[in-house]
Each structure stands twice: as C-alpha cells, then as structure tokens.
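Down below is the structure, laid out as structure tokens.
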Amino acid sequence: MKTLFFAFALLFLTLTISAQQKQANPELIKNFQDMKFGMFIHWGPVTLRGAEIGWSRGHQVAADDYDNLYKEFNPVLFDADKWIKTLKDAGMKYLVFTTRHHDGFSMWDTKFSDYNIMNSPYKKDVLMELKNACDKYGILFGTYYSICDWSHPNYPLSNIKGVDKPDADMDKFYTFLKNQTKELIEKYDTKILWFDGEWEEPWTHEYGKNFYNYLKGLNPDVLINNRVDKGRKGMEGVTISNEFAGDFATPEQRVGAFDIENPWESCITICKQWAWKPNDKMKSLDQCIQTLLKTVGGGGNLLFNVGPMMDGRMEQRQIDRLKEMGNWLKKYGKSVYGTTGGPYKPTNWISSTRKGDKIYLHLFSLENDELKIPLPGSAVVKNCSILKGEKLKFEQTKKELIIQVPQNLRDKIATTIVLDLNSDSGKIKPIEI
Ligand code: JFZ
C-alpha cells in the first residue's frame, strides 16, 4: 500500500515538473531586479513622420508611404556612444532597443529580410553599434522584438481594416521569427528578449511555449518577458506562472501593482508617444522620479522610454531630464538599486524599499511635520535620518513609528529617510497605509 502511494506520488511529481516551463535561473532574475532602472528606445524610419511606430501604418501614414520611408532614413547624427552615455548618466543599468516593431522593419544587418537598415541610405548596423557601446559602458544589452509583423507576407494580419493576407503561412512566419531571434542571440549576444504583439490571434499558447524553450535552448541566460506567450491579459500584464512562458511581467504605461514574489517591469514613456513626436508633452522631473520610486517601492523595475529623432539625436530636453534623474540617483541611489519593494505599499504620498536591516522611505508630500506610520514592535528602530543627511527625532510605540520631518530637511521631489532596524527588514510583512 505504502509503495503504491509513493509510486503515485512520484508519477504526479514527474508529470507536474515536466508540464512546467523552463524557468530562468534565480541569480539571473535577481541581477535583473537589482538593476531597477533601464532605458527603452523606440526608433525607426517612422520618425521621419513624427507618427507612432507601427500603429500609424495604414492610419496616420498611408501604408505605402510608411513602407517606403526607410529609403529616406538617414540618421547621420546617430552616435551610439552618446546614447549609451546618456543612459548611463541617467543612472540606468540596461537597454532595450526596438530591433523590429509591428511595422516589420529590421534595425540590424539581418539575413532574413531585405526590409532592413542596411538597405537605407544610412547603411550602418545601428544595433551592433549600440551593442558595442553597451559593452564599453558596462550596460546590459537587450532587444525588443515584435511577434506580429503587419508588413510581412506570411503574417496573416495587417492591422488595416479589410486588408488581410490570404496566402500568409504562419508556420513559415514562425520559422522567420526563430531565424531572426537566433541572430539577435548569436550575433548580438542580447541578454533580454523583450517580445510584444503576442495578443493577436495568429499567435498561440503553443507557439509561445515552443518559442520560449527554443530561445532558452540557444542561450539559457537570455531573459524573456511574458509577452512571448498568451498569459498577459491586458495592459497590467501580471502573469508569471508555470502555465505560461516568460520570466517577468510587463505592465504598460502604469506603475505595476505591489508584488515582491514575481519579477516585473513597468514600461513607461518619458513623453506620450513611444516613437519621437515633435513637441510631445514631457513628464516633469517630479513625475519621472516619483514614477521610478513608486515602481521600485512596489517591487518592480522601470523601463523608461525615449524616442530619438529622425536625424539620430535624442532631444536635448529629454537628455537634460534624464541627467536630472541621474543626479538625484547619484545622491540617493542606495535607496533604489539592489533593494526590495516595501514593506509599505506605495501610495501617492509615500513609497518604500528595503535591504538588510534598513528601510528607505520616500516621502513625496507631508501635511505637517510629523510622519506617523504603522510598524510592528518586533522591528525595533535604532536610528532614523535623512539619507546622507541629518538625524531625525523619532518615537516608536508598539504599533507605530512617529518621525519628525521638518520642512527645512525635505527634498522637493522626494525626501529619502533611512531607518536602521535591529533586525532583517525583509521579514516584515507588506503594510498598507
Ligand atoms: C505595445 C506596442 O504596441 C507599443 O507600440 C509599444 O511598443 C509598447 C511597449 O508595447 O503596446 C501595446 C500593446 C497592446 C495594446 C496597445 C499597446 N493593445 O492591445 O491595445
């Protein structure tokens, strides 16, 4: 009887394990999470029109016009070194660059499509230049790659009403995806494959699982986002499970919900459009930093998007804004990099991170001089001060911590307070304020 039980238990265990997706190794995930802040770049020939990448094809820009823009694309002022220096000075640690968006244009020297940057008047492999600049500055190099390709003859959809492709062949298209991504892995040594466009009907859960396993077979150290599979339902994007493939979740244009169990990364634009748009409304420095702190405080990374211009430069006002973020991080980065979210769940006036025996509070606003927050008595506060600054008066009761934060010690953007505990801050359960 006992033997039979164990035999069944073993069988069950084997089946469950084999039904699971290959998971990324925990150290790889940890390194990714520790970086906290990366740059997303959406760029391509469409910047000649200042319209949105991919989506404007057949809408704001006639498809025929759109598909011929590359013949005029000549970003002579492109300087990979300058871009990556800008990224580094912003305090960012990694890059995700659009190698091929929904429009199907490849931004690298690919063997598998002629619709690529080498056939533009510019004729240079911008992806290789970016990869080399990332290596030079110690920045992790990652690539965005759209699954849907509205201009490819073998992809069934075009995103234009009434235009479909009856002769499309999805299996052939899948082979094309495998060939191109193999180049990204083997020739460019991409460390992140950031998929997108998985929500369209031709892409299935079967393709998703298969693709993920294929890519991990080429290099198990490539991180792959959850948009490789069909698990993401909507923009919140929180789907890290054994059922669906993907190493991290991808909430879009919003700070993800508090989650310190599953890796996630919010992608958010510095302006409104992903690709460059003249006079696009840019976020204030307050908004930029608070977005980063709320994301990190919730346990996520921020992939902050910049859209460079048609001539190859980033806009100066965006470079300046990023530099301001970098300056803030130079001073307060200790409360960001390598931390974990919480224990306080972010609100619109406070966010928090922690590491070892420390808790970092980021205070965006405070009505009076007294900050009163719940804290279990088991976590004894030994010291309380502004990070790299003055000591603060505090008082701890059984359930609460009361800190005096006078106006003159506050930072306009976020006042960063460090609490030294007598124990591991990681043990504190998430706290709602
Ligand atoms: C996608 C892209 O379409 C967008 O251009 C950008 O690259 C972003 C990072 O990812 O965003 C989406 C995805 C899905 C929808 C809209 C925007 N949707 O289903 O409406």
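First listed ligand is number 1; within each ligand, the first listed atom is number 1. Just so you know, residue 1 is the first one in the sequence shown, and it goes up from there. This structure is a prediction, so every number in the text was calculated from the model and none was measured.
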Under 4.0 Å from any heavy atom of Y144, which atoms of ligand 1 are there?
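Listed by number with element: 7 (O).
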Which of the atoms of ligand 1 are close to R227, meaning less than 4.0 Å from one of its heavy atoms?
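Counting from 1, the qualifying ligand atoms are 1 (C), 10 (O).
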Using a strict cut-off of less than 4.0 Å between a Lys/Arg side-chain nitrogen and an Asp/Glu carboxylate oxygen, indicate whether [X] and [Y] qualify as a salt bridge.
X    : Y    : answer
K111 : E183 : no
D229 : K209 : no
K345 : E432 : yes
D189 : K191 : yes
E252 : R227 : yes

Is there a protein heavy atom less than 4.0 Å away from atom 18 (N) of ligand 1?
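So far as the 4.0 Å threshold goes, atom 18 (N) of ligand 1 is out of reach of every protein heavy atom.
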N or O pair under 3.5 Å between [X] and ligand 1:
X    : answer
R232 : no
H42  : yes
W274 : no

Qualifying residue for side-chain contact (heavy atoms from CB on, under 4.5 Å) with L361, from I373, T415, V405:
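Result for side-chain contact (heavy atoms from CB on, under 4.5 Å) with L361: I373.
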Around [atom], find the nearest protein heavy atom and jot down its residue, atom name and distance.
atom                    : value
atom 12 (C) of ligand 1 : E252 OE2, 3.1 Å
atom 10 (O) of ligand 1 : D196 OD2, 2.9 Å
atom 16 (C) of ligand 1 : W55 CZ2, 3.9 Å

Please work out which of the three classes, parallel, tilted or perpendicular, describes the rings of Y207 and W203, given edges at 30° and 60°.
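Correct class here is parallel.
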Tell me whether E52 reaches ligand 1 (any heavy atom closer than 4.0 angstrom to a ligand atom).
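E52: no contact with ligand 1 (<4.0 Å).
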